[in-house]
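A short write-up of the structure that comes next.
The chains referred to below are lettered A, B, ... by the order of the sequence lines, with proteins before strands, and numbering in each begins at 1. Here the structure is a predicted model, which means the values were calculated and not measured.
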Amino acid sequence: MKSQISGRLSILNEEPIRRGQYVLYWMQASQRTRFNPALEHAVKRANELKLPLLVAFGLMDNYPEANERHYAFMLQGLADVKGGLADRGIGFVIRHGSPPGVALELAEHAAMVVCDRGYLSHQKQWRDQVADEAGCCVEQVEGDVVVPIEEASDKSEFAARTLRPKVHRLLDQYLKPCRSPKVAVRREHWKMTSGIDLSDIPGALARLKIDRSVKQVAHFHGGEIEAQRRLRHFLKHSLNGYRDGRNEPAGEVTSTLSPYLHFRQISPVEIALRVRASHAPAQDKEAFLEELIVRRELAMNFVNFNPNYDSYDALPAWAQRTLKAHTADKRPYIYARRDLENAKTHDRFWNAAQRQMTATGYMHNYMRMYWGKKVLEWKRTPREAYEDLIYLNNKYFLDGRDPASWANVGWIFGLHDRPWQQRAIFGTIRYMNDSGLQRKFDMEAYVRKVDSIESY
DNA sequence: ATCGGCTCGCGCAA
DNA sequence: TGCGCGAAGCCGAT
């Protein structure tokens with residue numbers, strides 16, 4: 001029942017705008033007040049209807065694959081959201097319950113509902129349910145990508161090279177500032193209860209039924225304020241030299257914005273505009289924008305057009321064929337999941353990468369590739385390797401459980417990649433080894449860096 | 001240090 | 001239908 005109005009905007013049902021006490025922005029994916037097209041669209045609608053705007057977030061127990069590490073980061077971000085909305089005279093309700101349940105409760109008194117767009121299957125289901133049951137008009141604004149996914153392409157793309165020209169054609173159209181209209185009917189305080197006190201995050205965390213096996217990290221503080229600080233730091237200190245420096249595992253030449261992009265605490269459009277406007281060399285800007293836009297949105301394309309995105313079966317046919325042909329090959333090392341999880345392998349560089357992940361919720365980008373390739377080599381079957389990688393990725397990374405998680409793990413197994421020379425275990429899947437790491441990088445510095453992180 | 005070969009399928013040119 | 005080429009590869013030859 002979805003109809004496209006313009007690039008970012010879709011109407012999700014055929015219900016009318018009706019009499020109501022407010023316009024409801026059901027904020028679920030886009031957890032920010034800056035550069036949030038869904039929020040600004042909701043402000044515009046509220047102004048047109050001469051109604052106040054209410055923003056609501058549904059905080060559920062046991063969110064799929066989330067644990068205390070993820071929840072803590074997200075709640076820190078939602079505290080920023082509350083503050084940012086209060087500054088503009090917009091009310092915010094965060095309520096304990098399922099996201100569609102909370103949205104539907106509050107939609108009862110709404111003239112209409114605005115929502116944002118996550119790409120994972122449960123997020124889609126929640127939106128479908130709200131659109132079906134709200135009884136009023138539900139509009140969706142796709143504000144967490146540069147080019148809306150279906151605008152760029154109408155199918156699952158084979159590789160970056162097939163998506164790239166389609167995205168580049170539309171860049172100028174979509175790399176635009178986000179207008180922020182003044183709120184006409186200010187109303188910050190509402191009678192309905194919030195139930196969650198964001199000024200006491202440890203207390204709020206303690207009351208949730210969640211997996212507490214992975215603790216929060218001091219290394220990353222959640223929220224759009226910290227995201228903005230990191231963006232400024234990156235533009236000032238790291239963008240210059242990004243193309244040649246980004247792969248050095250011990251280096252500091254990365255944005256470290258991926259956790260903030262995952263929780264949508266910062267807009268990729270805003271990042272791209274700031275990068276474009278900076279005085280860094282063109283080659284560095286291009287290399288970064290390729291990562292931020294083409295590669296990131298290729299992951300969204302993959303998830304959007306493959307209902308099987310979270311399964312080994314979503315890998316391309318040539319990759320499954322070649323891996324199957326090599327399943328019986330002798331493995332020099334085989335590790336159980338708990339050996340991997342505890343960083344107990346014979347490989348110091350791999351162990352360091354694993355420890356960086358568990359200790360900080362983050363791993364250097366280049367090491368993520370090496371880390372994944374070794375697990376493929378060290379499990380009895382590629383399916384087991386796939387399962388272990390998704391498990392570890394989503395459990396420990398702050399940016400896990402993202403479309404990029406399934407695309408990146410898939411890449412280890414040939415997704416969006418090309419075949420290479422035949423070899424044992426891998427078949428024609430791209431191989432990586434530690435001599436490559438040592439040839440190209442200062443790996444002792446990387447191990448020292450992880451050691452020092454853990455001891456602080 | 002640098003270079004070609006490896007190997008598959010997409011998409012464009014013809 | 002043919003052909004160029006591709007996220008970070010490795011490996012052996014020069």
According to a strict under-4.0 Å criterion, is [X] in side-chain N/O contact with OP1 or OP2 of [N]?
X: A/Arg164; N: C/dG6; answer: no
X: A/Lys373; N: C/dA7; answer: no
X: A/Arg439; N: C/dC10; answer: yes
X: A/Arg296; N: C/dA7; answer: no
X: A/Asn365; N: C/dA7; answer: no

Residue A/Gln422, side-chain heavy atoms: nucleotide from B/dT7, B/dG11, C/dC11 that is nearest: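 For the A/Gln422 side chain, the nearest candidate turns out to be B/dT7.
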Short side-chain donor-acceptor distance under 3.5 Å, A/Tyr391 and A/Glu341: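 Result is yes, a qualifying pair exists.
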Pair A/Tyr386, A/Thr381: side-chain N/O donor-acceptor within cut-off below 3.5 Å: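 Checked: A/Tyr386/A/Thr381 side chains show no N/O donor-acceptor pair below 3.5 Å.
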cation_pi(A/Arg274, A/Phe234) dist<6.0 Å, angle<=45: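 No, a cation-pi geometry is absent between A/Arg274 and A/Phe234.
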Between [N] ([atom2]) and [X] ([atom1]): distance, integer Å:
X: A/Asp154; N: B/dG11; atom1: CG; atom2: P; answer: 11 Å
X: A/Leu163; N: C/dC5; atom1: CG; atom2: C1'; answer: 17 Å
X: A/Leu298; N: C/dG6; atom1: CG; atom2: P; answer: 16 Å

